[in-house]
Student: 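The following block contains the structure, expressed as structure tokens.
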Amino acid sequence: MHRRVLVAEVRSFVERCMVSVGTDPKHGAALSQVLTEADVRGHFTHGLNRLEIYIRDIKNGITQPKGEPSIEKDFAASALVDGNNLLGPVVGNFCMDLAIKKAKEYGIGWIACKGSTHFGIAAWYSGQALQHGMIGMSMTNTSPVVVPTKAAKPSIGTNPLSVAAPGKDGDSFLLDMAVSAVAYGKLELCRLKGTEMPQGWGVDSKGSETVDPEKALKEGGLLPLGGKEITGGYKGFGLAMMVDVFCGILSGSEFGTNIKRWQGEEERVQNLGQCFVAINPKVYADGFEDRMQALMDQYRNLEPAEGETAVLVAGDPEREHMRKVRQDGAIHYHVNLLQNMDQIADRLGVEHLPTL
């Protein structure tokens with residue numbers, strides 16, 4: 001049910017698809033980096049699985065194929081950026097680079113952004129701070145697909161956030177999470193593979209939990225992190241609103257129920273709000289990386305529960321998947337996803353994604 005594809009071929013395929021619809025080649029390359037990295041890390045919800053929405057929005061004129069983000073307000077350690085409806089990775093890279101530059105000078109860089117679009121995995125941006133020995137943060141608001149605690153309909157986004165912190169010798173803490181029970185794309189992948197989803201991921205049109213991804217995607221919605229109220233779902237709802245404070249409210253972008261729907265509003269500009277932060281640990285207590293490494297090792301060295309092999313910290317599962325990709329020399333994709341890529345290639349008149 002799976003076929004192998006070389007990493008370089010994935011990037012090349014994304015680039016030729018985007019260029020074929022008029023995207024600036026540099027912008028297409030930025031997108032290909034993020035989507036490919038998602039699949040390399042094992043986040044198949046945000047890799048090739050997402051390619052079609054970027055193509056659609058460029059073709060519809062919702063996302064701009066060319067141009068650059070602009071700075072509207074610029075203070076010492078902060079800035080307000082307008083993404084000008086460009087591809088999310090183009091906007092995100094611009095903002096994170098600006099945050100890092102400010103953190104080098106002022107100890108912290110905090111960038112709020114409006115006018116952005118879907119930017120892929122949040123860890124792509126927070127992780128850029130690690131290359132400079134810094135703590136990185138990134139977050140975004142998203143289309144309202146999550147049903148808030150005690151609500152009847154999906155009214156808030158999955159609103160992912162990521163935090164990256166450097167340890168020693170290239171090790172790091174790298175948290176990347178939606179504040180819903182799972183990412184929206186996990187339900188899409190269940191539907192794509194024709195499998196049920198686990199209990200606790202989503203609800204149907206009546207607000208009852210379901211294992212049918214089609215019912216959750218078409219009629220109901222996702223549950224917030226924690227699930228129902230009795231198991232702490234209100235905490236996930238609260239975190240989703242917190243992300244929107246820093247993304248939508250602070251930047252002046254769309255927020256909450258105002259954000260365009262994931263489906264049915266394809267002609268409407270996204271105007272997502274996003275936030276990018278870089279913090280230089282050197283302006284605080286000395287020895288940050290040593291203490292960060294000690295913290296991670298404390299948990300990795302815990303005795304595993306019965307039936308488990310190891311306790312992992314954020315970023316460990318992705319590192320293991322990356323190791324397997326390097327070892328195998330390719331990414332394993334479900335055949336149904338590859339069939340979708342062939343259909344995209346045929347529609348755009350570009351060369352198919354070659355498999356091994």
Student: Decide, yes or no, whether a salt bridge links Asp286 with Arg291 under the criterion of side-chain N to carboxylate O below 4.0 Å.
Tutor: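 Salt bridge absent between Asp286 and Arg291.
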
Student: Pick one: which of Asn84, Thr63, Val91 meets side chain to side chain contact (heavy atoms under 4.5 Å, CB included) with Ser116?
Tutor: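 Exactly one pass, corresponding to Val91.
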
Student: Any ion pair linking Glu105 and Lys101 (charged N to carboxylate O, less than 4.0 Å)?
Tutor: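 The answer is no: the pair does not qualify as a salt bridge.
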
Student: Between the side chains of Thr149 and Glu229, does any donor sit under 3.5 Å from an acceptor?
Tutor: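 Side-chain D/A pair, Thr149 to Glu229: absent.
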
Student: For side chain to side chain donor-acceptor pair (under 3.5 Å), just list the numbers for Gln293 and Asp171, CA-CA rounded to whole Å, side-chain angles, deciding distance to a tenth of an Å, and then say yes or no.
Tutor: CA-CA 8 Å; Gln293 192 65 49; Asp171 198 1; 2.8 Å; yes

Student: I need the Ile259 CD1 to Gln270 CD distance, nearest 0.5 Å.
Tutor: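 If we round to the nearest 0.5 Å, Ile259:CD1 and Gln270:CD are 9.5 Å apart.
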
Student: Take a 6.0 Å sphere around CE of Met177 and say whether it holds more than 12 heavy atoms from other residues, nucleotides or ligands.
Tutor: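 Atom CE in Met177 is packed in, count exceeds 12.
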
Student: Would you check, one step at a time, whether the test side chain to side chain donor-acceptor pair (under 3.5 Å) holds for Gln274 with Asn141?
Tutor: CA-CA 7 Å; Gln274 294 164 353; Asn141 59 19; over 6 Å; no

Student: Distance check, rounded to the nearest 0.5 Å: Arg323 atom CZ versus Asp328 atom CG?
Tutor: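 That separation rounds to 11.0 Å.
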
Student: Only one of Ile121, Leu35, Leu31 passes side chain to side chain contact (heavy atoms under 4.5 Å, CB included) with Pro89; say which it is.
Tutor: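 That would be Leu31; it is the only one of Ile121, Leu35, Leu31 passing the side chain to side chain contact (heavy atoms under 4.5 Å, CB included) with Pro89.
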
Student: CE/Met242 to NZ/Lys235 distance, rounded to the nearest 0.5 angstrom?
Tutor: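 If we round to the nearest 0.5 Å, Met242:CE and Lys235:NZ are 14.5 Å apart.
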
Student: Are Leu87 and Val90 side-chain neighbours, meaning at least one heavy-atom pair lies under 4.5 Å?
Tutor: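 Yes - at least one pair of side-chain heavy atoms lies under 4.5 Å apart.
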
Student: Mind checking the CD-CG spacing from Glu289 to Asp169? Nearest 0.5 Å is all I need.
Tutor: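 If we round to the nearest 0.5 Å, Glu289:CD and Asp169:CG are 9.0 Å apart.
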
Student: Answer yes or no: is there an ion pair linking Arg191 with Glu214, defined by an N-O contact shorter than 4.0 Å?
Tutor: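 Yes, charged N to carboxylate O under 4.0 Å.
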
Student: Does either side chain, that of Asn280 or that of Tyr106, offer a donor lying less than 3.5 Å from an acceptor on the other one?
Tutor: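 Not at all, the side chains of Asn280 and Tyr106 share no donor-acceptor pair under 3.5 Å.
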
Student: Got a sec: does the CD of Gln263 have more than 12 other heavy atoms crowding it under 6.0 Å?
Tutor: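 Result for CD/Gln263: enclosed.
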
Student: Taking atom CG as the centre, does Leu302 end up with more than 12 heavy-atom neighbours from other residues, nucleotides or ligands that are less than 6.0 angstrom away?
Tutor: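 Correct, the count exceeds 12.
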
Student: Is any side-chain heavy atom of Val203 less than 4.5 Å from a side-chain heavy atom of Leu223?
Tutor: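 Contact flag for Val203/Leu223 side chains = yes.
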
Student: How about His46 and Tyr184: are their ring centroids closer than 6.0 Å?
Tutor: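 So the answer is no for these two rings.
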
Student: So, do Asn271 and Lys114 sit near enough that their side-chain heavy atoms are less than 4.5 Å apart?
Tutor: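 Side-chain contact under 4.5 Å: yes.
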
Student: So Trp201 and Leu187, do their side chains get closer than 4.5 Å, heavy atoms only?
Tutor: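 SC-SC contact between Leu187 and Trp201 confirmed.
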
Student: Around Phe288, counting heavy atoms of other residues, nucleotides and ligands shown, do more than 12 lie under 6.0 Å from its CZ?
Tutor: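 Result for CZ/Phe288: enclosed.
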
Student: Are more than 12 heavy atoms, taken from residues, nucleotides or ligands other than Lys215, located less than 6.0 Å from that residue's NZ atom?
Tutor: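 Count not over threshold, so no.
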
Student: So do Leu348 and Ile55 actually touch side chain to side chain, heavy atoms under 4.5 Å?
Tutor: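 In short, these two side chains touch, coming nearer than 4.5 Å.
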
Student: State, yes or no, whether a side-chain contact exists between Cys17 and Leu51 at a heavy-atom distance under 4.5 Å.
Tutor: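 Yes, close enough: below the 4.5 Å cut-off.
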
Student: How long is the straight-line distance from NE2 of His43 back to OG1 of Thr45, given to the nearest 0.5 Å?
Tutor: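 It comes to 7.5 Å.
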
Student: Looking at Asn336, is its backbone amide N or carbonyl O close enough to the side chain of His334 to form a donor-acceptor pair, meaning the two atoms are under 3.5 Å apart?
Tutor: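 Yes, because the side chain of His334 sits within donor-acceptor range (under 3.5 Å) of the backbone of Asn336.
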
Student: Is it the case that over 12 heavy atoms from other parts of the model lie below 6.0 angstrom from the CG atom of Asn301?
Tutor: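 Above 12, so yes.
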
Student: Taking 4.0 angstrom as the limit, do Lys59 and Glu52 come out as a salt bridge?
Tutor: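 No, this pair does not count.
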
Student: Examine the side chains of Trp124 and Asp176 and answer whether a donor and an acceptor come within less than 3.5 Å of each other.
Tutor: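 Short answer, no.
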
Student: With a 4.5 Å heavy-atom cut-off, do Ile58 and Met18 have their side chains touching?
Tutor: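 The answer is yes; the side chains approach within 4.5 Å.
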
Student: Is there a side-chain contact between Lys228 and Lys150 (heavy atoms, below 4.5 Å)?
Tutor: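 Lys228 does not reach Lys150 side chain to side chain.
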
Student: Using the six-membered ring wherever Trp is involved, compare the ring planes of Tyr125 and Phe276 and label them parallel, tilted or perpendicular (cut-offs 30° and 60°).
Tutor: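 Aromatic pair Tyr125/Phe276 classed perpendicular.
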
Student: Under the criterion side chain to side chain contact (heavy atoms under 4.5 Å, CB included), which of Glu15, Arg11, Arg16 is the partner of Phe13?
Tutor: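 Passing option: Arg16.
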
Student: If you round to the nearest 0.5 Å, how far is CH2 of Trp262 from OG1 of Thr158?
Tutor: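 Between atom OG1 of Thr158 and atom CH2 of Trp262 there are 8.5 Å.
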
Student: Hey, are His118 and Tyr54 close enough side-chain-wise for a donor-acceptor pair under 3.5 Å?
Tutor: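 Yes, side-chain donor-acceptor contact under 3.5 Å.
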
